[in-house]
There are 4 protein chains.
Amino acid sequence: MKNPIDQLPARQQQALKTRHKLLQAGKEVFLENGFQKATISQVIKKANTGYGTAYVYFKNKDELFITLMEDLMNQFYEVAEMPFKPQAKEEAYENIKKQVRLFLRLALDERDMMKVVKEAIGVSPEIEEKWYGIRERFIERISVDIRYAQAQKLAKKQLDPALTARGWFYSNEMFMWELVMNEEKYQMDDVIVNLTRMYTGGLYE
Amino acid sequence: MKNPIDQLPARQQQALKTRHKLLQAGKEVFLENGFQKATISQVIKKANTGYGTAYVYFKNKDELFITLMEDLMNQFYEVAEMPFKPQAKEEAYENIKKQVRLFLRLALDERDMMKVVKEAIGVSPEIEEKWYGIRERFIERISVDIRYAQAQKLAKKQLDPALTARGWFYSNEMFMWELVMNEEKYQMDDVIVNLTRMYTGGLYE
Amino acid sequence: MKNPIDQLPARQQQALKTRHKLLQAGKEVFLENGFQKATISQVIKKANTGYGTAYVYFKNKDELFITLMEDLMNQFYEVAEMPFKPQAKEEAYENIKKQVRLFLRLALDERDMMKVVKEAIGVSPEIEEKWYGIRERFIERISVDIRYAQAQKLAKKQLDPALTARGWFYSNEMFMWELVMNEEKYQMDDVIVNLTRMYTGGLYE
Amino acid sequence: MKNPIDQLPARQQQALKTRHKLLQAGKEVFLENGFQKATISQVIKKANTGYGTAYVYFKNKDELFITLMEDLMNQFYEVAEMPFKPQAKEEAYENIKKQVRLFLRLALDERDMMKVVKEAIGVSPEIEEKWYGIRERFIERISVDIRYAQAQKLAKKQLDPALTARGWFYSNEMFMWELVMNEEKYQMDDVIVNLTRMYTGGLYE
DNA sequence: CATGAATGAGAGTTCATTCAT
DNA sequence: AATGAATGAACTCTCATTCAT
């Protein structure tokens with residue numbers, strides 16, 4: 001089994017390596033200083049490349065960061081695309097709990113990076129846009145799931161799938177940020193159980 | 001009946017007037033340029049005061065903005081403190097709907113300012129902190145309401161009041177931001193009804 | 001007799017002094033390096049002011065240079081506005097010769113600066129515009145003079161005053177640049193006499 | 001009949017093609033962006049050649065532009081070399097008018113390129129030099145013509161041929177630039193007639 | 001002949017803040 | 001209480017050019 005990179009001409013291999021060096025250095029700088037305080041100059045110094053070199057690969061700080069985010073974001077996309085075909089309320093409940101756990105788990109596994117992402121979302125419209133993409137993808141998928149559950153006569157018909165999906169995801173996302181910023185404050189399992197119960201059964205008897 | 005300001009010594013009156021000029025100019029500048037692009041220099045120029053003068057009253061841009069926010073935030077506090085003593089599920093449902101409506105209404109009435117607030121939250125930790133204060137106040141109040149409903153045997157005992165309150169507020173807050181940024185996209189009433197139904201009755205039959 | 005500057009508050013006197021230091025330093029830098037190679041940094045260093053200080057007084061290199069030009073340009077305006085009321089062809093001829101001499105003399109007296117001006121005209125549209133202002137002022141004045149001479153039956157009626165004035169000024173301007181760039185090449189008096197003869201009498205017998 | 005290029009070895013043919021691609025791309029880039037804003041990188045990208053390749057053929061931006069100018073400049077040289085052997089004042093007048101018209105016509109036919117040339121003259125001393133070459137060639141030829149007319153006793157002897165030729169060309173050149181930059185402002189024929197009348201007959205009766 | 005990754009000097013600019021008056 | 005001239009650290013980004021392949 002060959003690594004496809006090895007087959008590239010030496011020139012392109014070199015280029016790839018430089019790009020990688022910049023990304024690596026970028027990640028370190030962002031984790032150390034946060035998004036706003038990080039500067040391209042720091043990245044360049046750490047990557048040990050020429051000043052102009054960074055600009056060959058990335059137009060600016062935002063673009064470098066987005067590239068760095070992309071990998072992480074793809075993992076979120078995978079969670080979003082999980083199959084959901086429950087036959088009964090209990091199965092649905094278990095499926096949902098599992099997906100919430102994966103979602104929170106992923107965020108906490110990349111906690112430091114997620115903190116920077118949160119900051120970047122507030123500061124850079126481009127990055128905010130990226131995150132909105134993820135959110136809408138999740139919401140759309142959940143909408144589909146709700147419609148499926150309604151068709152199966154598991155879920156209440158009078159709830160609007162799109163709005164319900166949105167409200168549900170919002171709760172999840174915000175708890176996720178809360179855990180990322182303050183992991184100690186809550187027990188993840190308590191959060192998951194309570195969140196899922198609310199979602200499936202509502203507050204009132 | 002006298003205006004209490006009139007009773008102050010002339011010097012303090014003058015000071016109050018200067019402060020007011022700065023706040024007024026600040027508001028205009030923030031609404032025109034957003035938080036990040038606004039500069040203290042612009043505010044000073046618009047207020048027609050000296051450079052040093054602004055620093056007598058406000059330590060920096062954040063503090064000026066926080067002062068400007070305060071008034072708006074107090075209105076939110078009022079909504080948070082609404083009494084909640086329902087005797088039956090239906091009454092609870094109506095009360096909740098009313099409060100959600102007030103919350104969204106307030107945000108939309110001050111839509112332009114709220115947009116700036118949203119930007120400022122992402123950029124300035126101090127302002128983020130301020131907003132967190134509001135959020136926690138809401139959540140605390142809602143927790144109390146949930147405990148009350150549980151005591152009244154209206155609400156399910158097995159749900160954790162604090163976590164449930166938090167999840168519920170998160171949904172509301174996020175829909176609020178969504179409406180502030182994209183008023184056209186949703187019918188406010190649809191949002192309110194769906195949100196409240198979900199909260200009180202849950203998704204599954 | 002009092003110098004009006006002495007009457008200004010100390011604060012403004014200081015400001016004027018700083019501004020003057022920058023202008024003085026600017027002139028030296030431009031004369032040493034020409035327009036294109038001169039940088040604001042050089043000016044700042046020479047003026048011994050803070051980095052931001054220069055930007056308080058001048059938006060950029062062009063604006064600093066234009067301020068520096070203005071004084072020179074006013075002298076040109078004065079030459080342009082010279083009265084012209086000849087009663088006979090010979091008087092006209094003498095008047096014209098005198099004005100041409102003043103024009104060339106002025107340019108040669110400020111030869112070094114004019115060289116920089118020439119370079120700046122080619123590089124900066126704003127400065128080009130300024131120069132065009134001078135040119136059009138001259139041409140307009142000359143047009144008036146031609147019309148006067150035509151009314152006096154000194155000048156040929158079938159020549160268009162505006163176009164004739166323009167053509168005449170063009171010759172003068174270009175000889176001026178030629179002399180500024182290559183003083184040695186021509187005898188100024190030869191140039192003046194030939195130019196004026198051509199203008200008044202034409203080439204052909 | 002063979003195209004001489006076809007006879008060259010394949011390698012040289014390739015080289016010629018590359019060179020041509022660069023020139024073509026260069027022209028487009030200069031016309032789009034003007035001289036100052038155009039960069040070699042843009043040209044290279046448009047020509048779709050390697051970075052180093054451009055430097056095989058042209059030392060820098062100026063040289064590429066000069067090559068591009070050369071063709072145009074040759075056309076000016078042709079106009080300059082027009083024969084001039086009038087037997088009478090009227091014939092001279094007609095000849096001159098014709099040459100002026102050709103000169104202006106040529107500039108206006110290549111108006112867009114001439115605008116770039118004008119900009120380039122102001123910015124690049126090398127290009128300025130090139131243009132001076134053309135100018136001096138014209139002036140020299142006109143001097144010869146004037147001497148011929150003087151010998152024929154058509155023109156006034158007391159005018160210095162070199163200075164007169166220079167003044168006359170300056171007027172023409174400047175009107176040419178004026179028309180290139182502002183075609184709408186003047187009627188070309190009015191300009192030609194007035195210019196030629198002035199030149200041949202002078203302003204005063 | 002052709003390539004294109006890498007370079008790096010340095011230009012321009014901003015703006016919150018101070019402090020002497 | 002009010003002023004406003006002065007500051008300067010620090011950032012982004014460009015682009016002609018080289019040189020090893």
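A note on names: the letters A, B, ... follow the listed sequences, proteins ahead of strands, and every chain is numbered from 1.
If you take CG of D:Leu22 and C1' of E:dG4, they are 14 Å apart, rounded to a whole angstrom. Taking atom CG of B:Asp62 as the reference point, atom C1' of E:dA16 lies 12 Å away to the nearest angstrom. Nucleotide E:dT17 holds its P atom 14 Å from the CZ atom of B:Phe58, rounded to whole Å. Atom-to-atom, CD of B:Gln36 to P of E:dT14 comes out at 17 Å; the value is rounded to the nearest Å. In this entry the distance linking CG of B:Asn33 with C1' of E:dC15 reads 14 Å, nearest Å. The nearest whole Å value for the distance from the CG atom in C:Leu64 to the P atom in E:dT13 is 12 Å. Atoms OH (A:Tyr55) and C1' (F:dC11) sit 8 Å apart, rounded to a whole Å. Per the geometry, NZ belonging to C:Lys45 stands 16 Å off P belonging to F:dT7, to the nearest Å.
The C:Ile40 side chain lies nearest to E:dG12 when the options are F:dA2, E:dA16, E:dG12. If you check F:dT17, F:dG8, F:dA5 against the side chain of C:Ala15, the one that comes closest is F:dA5. Among the nucleotides F:dT3, F:dT12, F:dA20, the one closest to the side chain of B:Thr49 is F:dT3.
The minimum heavy-atom distance linking A:Val43 with A:Ala25 is given by the pair O-CB, 3.7 Å. Taking each heavy atom of A:Gln42 and A:Val29 in turn, the nearest pair found is OE1-CG1, 3.6 Å.
A:Thr39 comes within contact range of the sugar-phosphate backbone alone, with a heavy-atom separation under 4.0 Å but no base atom that close. Heavy atoms of C:Lys37 sit nowhere under 4.0 angstrom from any nucleic acid atom. Among the atoms of the strands shown, only primed sugar atoms or phosphate atoms (P, OP1, OP2) are found under 4.0 Å from some heavy atom of D:Tyr57. Within the 4.0 angstrom heavy-atom criterion, only backbone atoms of the sugar-phosphate kind lie near D:Lys59; the bases stay farther away.
You'll find the side chain of A:Met114 reaches within 4.5 Å of the side chain of A:Leu72, heavy atoms only.
Across all strands shown, F:dA20 pairs with E:dT3; the Watson-Crick or G-U wobble distances both stay below 3.5 Å. Using Watson-Crick or G-U wobble geometry with both donor-acceptor distances under 3.5 Å, F:dC11 finds its partner in E:dG12.
With respect to the salt-bridge test (charged N to carboxylate O, under 4.0 angstrom), the residues C:Glu126 and C:Lys59 do not qualify.
Remark on DNA chain E: of its neighbouring residues D:Gly52 and C:Thr53, the 5'-side contact belongs to D:Gly52, judged by nearest-heavy-atom nucleotide. Residue C:Val56 is the one, among D:Asn60 and C:Val56, whose nearest nucleotide of DNA chain F lies closer to the 5' end (criterion: closest heavy atom). Two residues, D:Ser41 and C:Ala54, neighbour DNA chain F, and the one matched to the more 5' nucleotide by heavy-atom proximity is C:Ala54.
Although no hydrogens or angles enter the test, the distance criterion places a donor-acceptor pair under 3.5 Å between the side chain of B:Gln36 and the main chain of A:Val123.
Separating the P atom of F:dT21 from that of E:dC1 is a span of 22 Å, rounded to the nearest Å.
When the shell of 6.0 Å around NZ of C:Lys61 is examined, it contains more than 12 heavy atoms from other residues, nucleotides or ligands.
In this model, the phosphate group of E:dA6 is approached by a side-chain N or O of A:Gln14 to a distance below 4.0 Å at OP1 or OP2. In terms of phosphate contacts, B:Thr18 brings no side-chain nitrogen or oxygen within less than 4.0 Å of OP1 or OP2 of F:dA1.
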